[in-house]
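A note on names: the letters A, B, ... follow the listed sequences, proteins ahead of strands, and every chain is numbered from 1. Everything numeric here is computed off the predicted structure, so don't read it as measured data.
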Amino acid sequence: MQVTSSPALFTPGGVVTRFAPSPTGHLHIGGARTAVFCWLLARHYGGRFVLRIEDTDLERSRQEYTDSILASMRRLKLDWDGDPIFQKDRFAVYDAAVERLLASGHAYWCACSPETVEAAREKARSEGKKPRYDGRCRNLGLGPGPGRTVRLAAPAEGRIEFDDMVKGRLAFEASELDDMVLRRADGSPTYNFSVVVDDAAMNITHVLRGDDHVNNTPRQILLYRAFGAEPPVFGHVPMSLGPDRQKLSKRHGAKSVMEYDKDGFLPDALVNYLVRLGWSCGDREIFERDELVQLFDGGNLNRSPAAFDPQKLLWVNAEHMRRNAPEALLPELLPFLKTDGEGGAQAGADADRKLVLACIGMLQGRARTLKDLAGQMRPVLTPADDLTYAEGALESLEPDEWTHLAELRERLAAVETFDRDTLHAVVQAYVEEKGLKFKAVGRPLRVALLGAVNGPDIVQVMQAAGREDTAAKLDRALKLAAGAGRIQPTGGLAVPGNHG
RNA sequence: GUCCCCAUCGUCUAGACGGCCUAGGACAUCGGCCUUUCACGCCGACAACCGCGGUUCGAAUCCGCUUGGGGACGCCA
């Protein structure tokens with residue numbers, strides 16, 4: 001079920017969208033998806049994308065979260081136009097707006113305490129009616145005073161209708177709505193009020209937001225009417241659910257964008273995955289960023305909630321990993337090479353650039369995340385003396401395998417050019433000469449060079465590591481084996497560096 | 001309770017005009033092939049139109065109801 005966008009709704013170049021998070025937590029995956037949709041819509045139509053921080057709740061808003069949200073947006077490369085707007089800097093604007101509504105008779109002062117209002121609500125609830133404020137102060141002609149709020153004088157009847165970009169035509173009865181508070185007793189503006197004032201002031205043309213805001217929309221439309229302003233186009237994207245099909249939230253294990261960053265996910269992959277949650281383009285799954293901008297026109301948005309699937313995210317990430325050039329992956333990978341393990345520490349140095357790029361090229365198709373890739377690169381980048389072996393790997397090698405290793409060590413040391421073809425020829429010749437299967441030598445070589453029985457093409461590994469490093473790693477393995485008495489120093493085995 | 005929304009494989013989804021759908025793709029799962037191990041890749045399998053009525057020559061597609069799920073009912077955002 002979907003609604004195809006009607007081009008008539010859009011004025012090319014005139015589209016202005018916004019993302020308006022409140023800094024009461026990190027940007028999690030659900031919020032990020034909304035941000036992606038808003039950003040894409042603006043970019044597709046060559047319009048503007050505004051970032052507004054809704055920090056009117058002084059109690060819960062924290063600078064740390066604002067910073068984190070901004071960092072997440074940058075990390076996802078969702079660039080916004082102009083400076084971020086902070087609502088707490090705009091209280092004067094909201095005050096002035098309240099005054100206008102008061103003056104035009106669209107709002108009034110209310111002296112009811114939160115307790116009275118709650119009691120009235122409770123009463124309505126118990127009578128099976130919609131809990132709403134009864135408007136008792138509406139015609140009292142009250143003025144400002146301590147503890148007093150300003151409420152909207154909402155119409156008692158009529159229908160409020162609008163065409164939702166994703167849901168189609170929606171209608172609400174005015175009688176369902178009550179006289180909402182616009183200005184709190186402490187003078188701060190309420191959410192619905194500040195949103196409308198700002199969206200109008202910033203000429204927002206398209207409000208794309210979570211489904212949990214549909215019920216706010218008729219209230220906001222009422223406010224636009226009170227101001228005599230034209231409402232924007234609204235679009236409510238379905239909620240994203242956790243794998244457990246519960247609404248995605250912090251306490252339901254919704255991870256933040258920054259956590260995925262730490263886990264080694266590529267920004268483009270995250271954006272790709274997120275946008276496919278509730279949007280589709282035929283059978284396509286993998287999109288580059290610019291393709292998304294080109295393809296996403298606000299249509300084809302799904303109406304039903306979508307569950308987040310970590311496994312598919314992993315797959316999308318793997319796809320992006322392999323599509324990138326090693327040079328493009330390198331800067332993303334650096335932090336993971338640096339923090340993980342001792343051996344990879346100098347990997348970022350210029351001297352190692354070629355080696356690192358070769359490793360990326362060799363391994364990028366095998367890794368699902370940057371973290372994963374860095375882990376797979378580590379044994380290759382680690383000097384022989386620091387190489388660690390997987391539990392039981394050395395011990396698992398048979399005497400014959402050690403023999404092959406010792407022999408191969410000599411033959412490999414003797415090759416003229418240390419390139420893939422030559423190395424392969426040497427190993428292949430040995431295998432045929434002895435009437436072996438390749439795996440008879442592949443396994444011990446992998447253990448010696450990678451510290452594990454599994455890994456990429458071992459000839460490629462040798463070439464990437466280079467002549468010295470390969471020799472050093474073979475020597476070390478042999479030495480350890482001799483030390484543990486797994487190979488007899490006799491039998492004509494030349495084990496360099498072995499002192500018996 | 002009241003209001004709003006949603007409903008295709010386990011998951012993300014395709015499915016403009018109802019017939020091309022014995023429902024397609026992708027992730028996951030399970031087989032097999034490839035192979036130098038693992039991974040990749042390739043091939044294949046499993047697997048869905050919530051139910052009931054109606055409209056129609058014909059419905060996953062339109063209408064109604066039921067059921068199930070979600071959301072909202074704050075001087076939070």
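Using a 4.0 Å heavy-atom criterion, one finds that Gly278(A) contacts the sugar-phosphate atoms exclusively. Using a 4.0 Å heavy-atom distance criterion, Arg284(A) is classed as making no nucleic acid contact. Note on Leu170(A): only backbone sugar-phosphate atoms sit closer than 4.0 angstrom, heavy atoms only; bases stay farther off. Backbone-only contact: Phe172(A) has heavy atoms under 4.0 Å from sugar-phosphate atoms and none from a base. Contacts of Leu277(A) with the nucleic acid, taken as non-hydrogen atoms under 4.0 Å apart, involve only primed sugar atoms and P, OP1 or OP2. Looking at heavy-atom distances under 4.0 Å, Val459(A) makes contact with a base.
Among Val166(A), Asn216(A), Asp163(A), Ile221(A), the one residue that satisfies the side-chain contact (heavy atoms from CB on, under 4.5 Å) test with Phe234(A) is Ile221(A).
Looking at Thr190(A) and Asn192(A), their side chains never bring a donor and an acceptor atom within 3.5 Å of each other. Side-chain atoms of His213(A) and Tyr191(A) form a donor-acceptor pair, as typed in the model, at a separation below 3.5 Å. Counted by atom type alone, Glu173(A) and Ser175(A) present zero donor-acceptor pairs between their side chains at under 3.5 Å. Inspection of the Asp198(A) and Tyr94(A) side chains reveals an N or O donor paired with an N or O acceptor under 3.5 Å.
Here rU37(B) presents its P atom at 16 Å from CG of Leu397(A), a figure rounded to the nearest Å.
Figure legend. rA45(B) is base-paired to rU29(B); pairs are counted as Watson-Crick or G-U wobble with both atom distances under 3.5 Å. With a cut-off of 3.5 Å on both pairing distances, the Watson-Crick or G-U wobble partner of rU67(B) is rA7(B). Partner assigned to rG1(B) is rC73(B), using Watson-Crick or G-U wobble distances below 3.5 angstrom. Of the nucleotides present, none pairs with rU37(B) by Watson-Crick or G-U wobble criteria with both distances under 3.5 Å. The pairing partner recorded for rG19(B) is rC57(B), the criterion being a Watson-Crick or G-U wobble arrangement whose two distances lie under 3.5 angstrom.
Between rC46(B) and rG1(B), the two P atoms lie 43 Å apart (nearest whole Å). Taking atom P on both nucleotides, rC17(B) is separated from rA59(B) by 16 Å, rounded to a whole Å. Rounded to a whole angstrom, the distance from the C1' atom of rC20(B) to that of rC30(B) is 32 Å. Separation of the C1' atoms belonging to rG25(B) and rG44(B) is 16 Å when rounded to the nearest angstrom. Nucleotides rU22(B) and rA39(B) are separated by 38 Å at their P atoms, to the nearest Å.
Comparing rC12(B), rA7(B), rG41(B) by their closest approach to the side chain of Ala307(A) singles out rC12(B). Set against rU36(B), rU13(B), rC5(B), the side chain of Ile458(A) has rU36(B) as its closest nucleotide.
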Exercise. What string of B, S and - do you get for nucleotides 26-33 of chain B 5' to 3' if you count protein non-hydrogen atoms under 4.0 Å?
Worked result: BBS-----
Problem set entry | Footprint string (nucleotides 63-75 of chain B, 5' to 3'): B base within contact, S backbone only, - free, heavy atoms under 4.0 Å | -------SBSBSB
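The pair Lys434(A)-Glu407(A) does not count as a salt bridge, with every side-chain nitrogen at least 4.0 angstrom from each carboxylate oxygen. The pair Arg219(A)-Asp178(A) meets the salt-bridge criterion, since a charged nitrogen lies less than 4.0 angstrom from a carboxylate oxygen.
Within residues 446-457 of chain A, the residues that place at least one heavy atom under 4.0 Å from RNA chain B are, in residue-number order, Arg446(A), Val453(A), Asn454(A), Gly455(A), Pro456(A), Asp457(A).
Ring centers of Phe37(A) and Trp279(A): at least 6.0 Å apart, outside the cut-off.
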